[in-house]
Amino acid sequence: MSHKILKVHPNDNVLVALTDLQVGEEITYDSISLSLIEGIPAKHKFTQQDMAPGQEIIMYGTLVGKAVEPIAAGARISTENVKHQANTFSGKNKTLDWTAPDVSKWAGKTFMGFHREDGQVGTANYWLVIPLVFCENRNVNIIKQAFMEELGFGRQDVYKTYVQQMVDLYQAGKVNEIAQLPLQGYNGNGQKRIFENIDGIKFLTHEGGCGGIRQDSDALCALLAGYIHNPNVAGATVLSLGCQNAQVGILEEKLRALNPNFKKPLIVLEQQQEGTEQELLTQAIRRTFLALIEADKVRREPAPLSKLVIGLECGGSDGFSGISANPTVGQASDLIVALGGKSMLSEFPELCGVEQELINRCVDDKTADRFVQLMRAYAHAAEAVGSGFDMNPSPGNIKDGLITDAIKSAGAAKKGGTSPVVDVLDYTEYATKPGLTLLCTPGNDVESTTAMAGSGANIILFTTGLGTPTGNPVTPVIKVSSNTKLAERMPDIIDIDTGPVIAGEKTIEEMGADMLDLIIEVASGNVKTKAQLLDQDDFIPWKRGISL
């Protein structure tokens, strides 16, 4: 790799600028010399030879677009001169011969986790308070206000204090001092946690449960059941109104489907049966407090790394994501798989153009056919509402060089490493097989992370090149930067920087090893992720109406 340019795959006909390149700059690669006819911003791609309209653009060794006008050698490819085009796909036509990476460094290593009766192991210990319908959001928030500070889970509101300081200056006639008033840093809430072995109480409000189609309510109940079943959850308090589509019986049915011997503590209260709001809230708070006493008795104990279940996510991607952060996550995924663990690759709109590769990595025809079925059904549903996977890249993606969905997808798929695909799941289905699983979710970051936690992920790896401040209520999210500039600009959200790959200072294999070491520390509770420290508890269920 040059420190200025990179050809990602030998078959590519475009090069990637690793730094800002100037108009007229002489570039030599593969014994071909050319002079740039325009400036190429870092992360963007430029042609290595003249291209005619209709000619295919190849990157990552795959079809990612086609030229729609003549493009001279040394010109930047853009949304004006290149349009999305992707390879078609069919059934499995090759057999994968996979060589697992060397994991001897981690042989016998463990993490300190919370062991559940069903054999799963949590990387955290949370209690959930959830509504079955949006009508109960207010009551959930009242319970939150009652518990958080009193149990030591609350945080000092530095911004509230900041406003009060401005009010004091204003009332004292010192308006000129407000412009120079600094924000005082966070220094904790000053109160010790009452329950030392509980990482927090999480309150999952949402806007569903009634008013939509019955399938949406069924999916919501399945998602909530997955959260309750997640090994990071000790138990749950569920509030129901009573008359909504998302009935308690549906939730209980979904829980039994996940585990016929479900034994976690589950407190269910229905407002229309309890009577007054005061009676409902009093019961919910009292019974939850008693349940927390029991949940606090669980201690972290050693667990094999095969108990790790890793969700693979990207958001706010840039032109470096598919070169540094995503391949690093892919390497970590392969290491987890080689150690007997599970990993999940989601965001089906961001697998457009690499379907055949994933199909050929499936362990059998049945698994491959399921992937084909789900991908085609999703694509057709998008087209039916006048959209399509080609409309997936966001303005931020495009500005940073991801100009077609196929370019974005080819880089995004690198998060899945190279291991065989052992299972393909639809939304809300739970991961049970060791190895790499494909999970059908939208490309929307939070809808996807929400889904992976509901399918059993106990750690999520989240790559970003532009900076995405998000987390999950029950699953620690490790934020991975594709470039060092982002890590330095937004250190409050980034946990690990893969910029050294771009700089040529570290290999993907070295960064992947560093990432696995960090995963073990986070899984053991020794390191809190930035998302955990900021209480970034984003939770958005997917309505199967199209969301790209």
**Prompt:** Around Arg214, counting heavy atoms of other residues, nucleotides and ligands shown, do more than 12 lie under 6.0 Å from its CZ?
**Reply:** no
Regarding Asp12 and Lys7, does a basic nitrogen lie under 4.0 Å from an acidic carboxylate oxygen?
no
- Message: One pair to check against side chain to side chain donor-acceptor pair (under 3.5 Å): Asp445 and Thr470. What are the steps and the verdict?
- Response: CA-CA 8 Å; Asp445 310 341; Thr470 192; over 6 Å; no
Taking every heavy atom of Leu128 against every heavy atom of Leu204, the minimum-distance pair comes out as CD2-CD1, 4.0 Å
Next on the checklist: Using a 3.5 Å distance criterion without hydrogens, assess whether the side chain of Thr464 forms a donor-acceptor pair with backbone atoms of Gly315.
Outcome noted: yes
Check your understanding: Has the side chain of His84 got a donor or acceptor atom that lies under 3.5 Å from a matching backbone atom of Ala406?
Key -> yes
Of all heavy-atom pairs linking Tyr378 and Cys440, the shortest is CD1-SG, 4.0 Å
Using the ring centroid of each side chain, check whether Trp542 and Phe348 are separated by less than 6.0 Å. no
task: Check the pair Ser448, Glu347 against side chain to side chain donor-acceptor pair (under 3.5 Å), reporting the backbone distance first and the verdict last.
output: CA-CA 6 Å; Ser448 182; Glu347 299 183 294; 4.6 Å; no
Review point. Given the rule in the side chain to side chain donor-acceptor pair (under 3.5 Å) test, do Thr328 and Thr498 qualify, once you have shown the distances and angles that lead to the verdict?
Key: CA-CA 7 Å; Thr328 296; Thr498 62; 4.8 Å; no
- Query: Is any side-chain heavy atom of Ser333 less than 4.5 Å from a side-chain heavy atom of Leu312?
  - Reply: yes
Heavy-atom closest pair (Ala531 atom, Gly471 atom, distance to 0.1 Å) is CB-CA, 3.9 Å
Notebook entry, point to check: With a 4.5 Å heavy-atom cut-off, do Ile323 and Val16 have their side chains touching?
Noted result: yes
query = Does a salt bridge link Asp514 with Lys506, judged by any charged N lying under 4.0 Å from a carboxylate O?
reply = yes
Heavy-atom side-chain contact between Thr367 and Val422 under 4.5 Å: no
(message) Could you go through Arg370 and Glu429, starting from their C-alpha distance and side-chain angles, then the distance that decides it, and tell me whether this counts as salt bridge (Lys or Arg N to Asp or Glu O under 4.0 Å)?
(response) CA-CA 13 Å; Arg370 184 93 195 281; Glu429 292 181 334; 3.4 Å; yes
Working for side-chain contact (heavy atoms from CB on, under 4.5 Å), residues Lys479 and Thr529: CA-CA 8 Å; Lys479 206 69 64 62; Thr529 68; over 6 Å; no
dist Ser324:OG -> Asp318:CG (nearest 0.5 Å) comes out at 7.0 Å
OG of Ser419 to CZ of Arg361, rounded to nearest 0.5 Å, is 5.5 Å
Q.
Walk me through whether Leu339 and Ser306 qualify under side-chain contact (heavy atoms from CB on, under 4.5 Å).
A. CA-CA 6 Å; Leu339 288 162; Ser306 59; 5.9 Å; no
Q. If we only count heavy atoms from C-beta on, is the Lys92 to Ile359 side-chain gap below 4.5 Å?
A. yes
request  = Assess whether atom NZ of Lys530 is packed by more than 12 heavy atoms of other residues, nucleotides or ligands within 6.0 Å.
outcome  = yes
Q) Under the side-chain contact (heavy atoms from CB on, under 4.5 Å) criterion, do Val238 and Val248 qualify, and how do the steps go? A) CA-CA 9 Å; Val238 179; Val248 171; 5.7 Å; no
Checklist line | Main-chain N/O of Ala431 paired to Thr437 side chain as donor or acceptor, under 3.5 Å | finding: no
CG of Asn232 to CG of Asp199, rounded to nearest 0.5 Å, is 8.5 Å
One should read off an interatomic distance between Ile508 CD1 and Asn326 CG, to the nearest 0.5 angstrom, of 9.5 Å
query = Regarding Arg376 and the six-membered ring of Phe89, is the cationic atom NZ or CZ under 6.0 Å from the ring centre and inside 45° of its axis?
reply = yes
Exercise. Examine distances only and state if a side-chain atom of Lys408 and a backbone atom of Thr404 form a donor-acceptor pair shorter than 3.5 Å.
Key: no
*Do any N or O atoms from the side chain of Asp218 and from the backbone of Gln215 form a donor-acceptor pair under 3.5 angstrom?*
no
### Query
Counting distance only, does the side-chain N/O of Glu510 pair as donor-acceptor with the main-chain N or O of Thr507 below 3.5 Å?
yes
Task: Check: Asn483 and Lys43 side chains under 4.5 Å, non-hydrogen atoms - done: yes
With a 3.5 Å distance limit and no angle check, can you tell me whether Lys415 reaches the backbone of Glu313 through a side-chain donor-acceptor pair?
no
OG1 of Thr123 to NZ of Lys307, rounded to nearest 0.5 Å, is 14.0 Å
Exercise for review: Mind running side chain to side chain donor-acceptor pair (under 3.5 Å) on Arg116 and Asn125 for me, showing each step along the way?
Suggested key: CA-CA 10 Å; Arg116 307 301 180 188; Asn125 193 32; 2.8 Å; yes
- Message: Tell me whether Gln356 contacts the main-chain N or O of Ser90 through its side chain, where contact means a donor paired with an acceptor under 3.5 Å.
- Response: yes
Here the pair of heavy atoms bringing Arg300 nearest to Ala523 is NH1-O, 3.0 Å
Item to complete: Taking atom NZ of Lys105 as the centre, report whether more than 12 heavy atoms of other residues, nucleotides or ligands fall under 6.0 Å from it.
Response: yes
Lys66, NZ: over 12 other non-hydrogen atoms inside 6.0 angstrom:
no
Taken to the nearest 0.5 Å, the spacing of Ile407 CD1 from Met59 CE works out to 6.5 Å
Shortest non-hydrogen pair, Ala451 vs Leu223, comes out as CA-CD1, 4.3 Å
* Asked: Yes or no on salt bridge (Lys or Arg N to Asp or Glu O under 4.0 Å) for Asp423 and Lys342, after CA distance, side-chain angles and deciding distance?
  -> CA-CA 11 Å; Asp423 207 359; Lys342 306 181 185 79; over 6 Å; no
* Asked: Are any side-chain N or O atoms of Asn81 and backbone N or O atoms of Ser78, one a donor and one an acceptor, separated by less than 3.5 Å?
  -> yes
query: Would a distance-only check, ignoring hydrogens and angles, find a side-chain to backbone donor-acceptor pair under 3.5 Å from Gln247 to Gly249?
result: no
Any Met515 side-chain heavy atom under 4.5 Å of Leu461 side chain
yes
Kindly indicate whether the side chain of Asn360, heavy atoms from C-beta on, has any atom under 4.5 Å from the side chain of Asn93.
-> yes
Original post:
With a 4.5 Å heavy-atom cut-off, do Tyr227 and Thr450 have their side chains touching?
Top reply: yes
Evaluate His229 against Lys254 for side-chain contact (heavy atoms from CB on, under 4.5 Å), listing each step before the verdict. CA-CA 10 Å; His229 186 54; Lys254 301 296 185 183; over 6 Å; no
Of all heavy-atom pairs linking Gly465 and Ser482, the shortest is CA-OG, 3.3 Å
